[in-house]
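Some notes on the structure that comes next.
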Amino acid sequence: MRSTATTRRLPAPSAGRRATLAARALGPVVALALALACLLTACSRSDKPVPPAADSTAVAIALPRPSFTLTTTDGRPFEFQKETAGTLTFLLFGYTHCPDVCPVHLANMTAALEKLTTADRARTRVVFVTVDPDRDSASVLRKFLDAFNPSYVGLTGRRSAIDSAQKSVNFAAAILSKDSAGAPVVTHSAPVVVFTEDDSAHVMFPFGTRQTEWAREIPKLLARGTAAATLSVERAYLVMPIGDAPAALYFTARNRGATADSVVAVQVPGAGIATMHEHLHDLASGAMRMVATSAYPLAAGATMRLAPGGAHVMIEKPARVYTRGERFRLLVRFAHGGVVTTEVSVITYADLDTATAAPVRR
Amino acid sequence: MQWWCSAQGTQWSWRWVAYPGVWLFVAAAIAIVVSLVRGEPWRRMSFGHRAALIGGLASLWVALDWPLGPLAAGYLSFAHAIQFLMTALLAAPLLLYGLRIAIIEKAARAPWSGLPARLGRLLTTPLVAAILFNVIVAVTHTPKVVDGYMKYPFGAFVIDSAWLVGGLLFWWSIIVPVPNHGKFPLPLKLLYLLLGTLFHTLVAMILVSAEFPLYGIYEMAPPFPLIDALSDQKLAGSVMELGGLGLIFFAATIIFFKWANEDRKQVPQ
């Protein structure tokens, strides 16, 4: 009450005076506000290294899906290349006692994966390999991964096998040591290597990748493996080679779309190196000549049939022996339309007539 | 040792850490308060004024020091929101309410003159104070500023200080009637309170509705049990909105009843 009385004794400015004051105030206030904004935003740049990475970007790499076998948390062998083939696979190495990098990296990736549609989510695999198998028992590893997503694959194994797996993606093997107090210290490569549906890794994501970046990049990675609905590959067959000779593979590609495309790569996971060839008529000698090609053009509405005596895919140095009737996966990458996956049947030369005579499905 | 709480990127520990800069800051605040209220003003202050003063200083200290300070600086977005509320919307009005009598008496004995008077009058003009407070709230909550500043003790100090200064400017017009707005009508004060929550509400809504974490500091911080980065951010938005509105509503209620009381007195008996 006393203070109110004191207030009333003070000379109060008139309404007009207050209005003038307010009007006069606006200019300096805007300037002051802008200065504050500039001060706060301009000074935020610094080269001082700090723990939380701010803006990270995917690192471009080129790596085939590696072949290594480790053990899952339910004790069964897991052949990485075979079991993850044709899926968008996120491979990371870490350990469950990791206080920061592993759980944060996993959590941010998981948050973005959870935003995918069920169909897209089904096209992904997350594989976490422990680099600390002594402390990360199967149950510990399972419990750790279940906190993110029960579908995540946890792998463990002997230290030498885990080291080999890391080396297969060009990572240095993790170093396990102890600090001066005797506490375990684990040093390991943290990036997540992402294998797309063409069974190659084109990018890896270092620690510090934000959820927004994951959410922006994952659909792009999925799109790499999504063929346009207008493209199809069918009637794929491989003719059993004789002895150690290269194997020839044929298929029929169709483009029902309104724009031209072209086949730019063919992959047969686990089968060897696949190269595209065509037969050219040498006008000088009059003979047919086989040459490697980088693309099979496919005009709008066109069908292209690879067949003996013409264009074909050569599997050089086949990685294994084929048997008649066997079927395996073939990935055909188009320049614009993504990747089409189909099945290849293994036939003999005797089956050729039947195979080449079969009509193209429409 | 850090002199002020900032993001460290290390795993959170409940082990106590000393922040000498915070102690100095709070000690400076106590010194200023003591210099203003010692002697006659203190004797004339009511229990409510004294309690508000002590509560304001305590709120400031709790908001800035361990554990809330470091939690807010580098681990939990919602701790950051609580820190904002405790600094700008709790400590600032409590301090001003506690110092009200002392400030009014000092102003009456030694009226301000010259540049400080002009600057003081300008900054505490309601419209100016509201604009400044909203700008401070908006700027100090942008991801660029939070991520860029909270990593460094000085940056975190700037943000914390800006909140306190912004809060003092904002509440000054409501609580302290000098130097230039002794006739700030009570209904306008209600409107002013709403205006003051403009950006505060906007920031809270953005935090609640964002699809992904906005602040890299908290997203990349070592994980805290039971809460992920996005849930933490949504909680921060809720705390900011509900806590802020609660405090503003409390102040508005006091003003409303004061207004009603004044009206009753003016009615001829």
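Protein chains get the first letters and strands the later ones, always in sequence-line order, with residue 1 at the start of each.
- Residues forming a ring-ring contact (aromatic ring centres under 6.0 Å, His included) with A:Phe128 (at least two apart in sequence, or on another chain): A:Phe144.
- Screening residues 139-157 of chain A for salt bridge (Lys or Arg N to Asp or Glu O under 4.0 Å), with sequence neighbours left out, gives A:Arg142-A:Asp146.
- With a threshold of 4.5 angstrom between heavy atoms, B:Phe133 does not approach chain A through any atom at all.
- Around CZ of B:Phe256, the count of heavy atoms belonging to other residues, nucleotides or ligands within 6.0 Å does not exceed 12.
- Residues B:Met220 and A:Asn108 are in side-chain contact: their nearest non-hydrogen atoms beyond the backbone lie under 4.5 Å apart.
- Residue contact with chain A, scored on non-hydrogen atoms closer than 4.5 Å, is absent for B:Leu119.
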Would you mind writing out the side-chain donor-acceptor pairs for residues 111-118 of chain A within the sub-3.5 Å range, not counting sequence neighbours?
from, atom 1, to, atom 2, distance (Å)
A:Thr117, OG1, A:Asp120, N, 3.2

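- Taking non-hydrogen atoms and a 4.5 Å limit, the residue list of residues 88-104 of chain A in contact with chain B, ordered by number, reads A:Pro99, A:Asp100, A:Pro103, A:Val104.
- Nearest heavy-atom pair, A:Arg210 versus B:Pro213, reported as atom, atom and distance to 0.1 Å: NH2-O, 3.2 Å.
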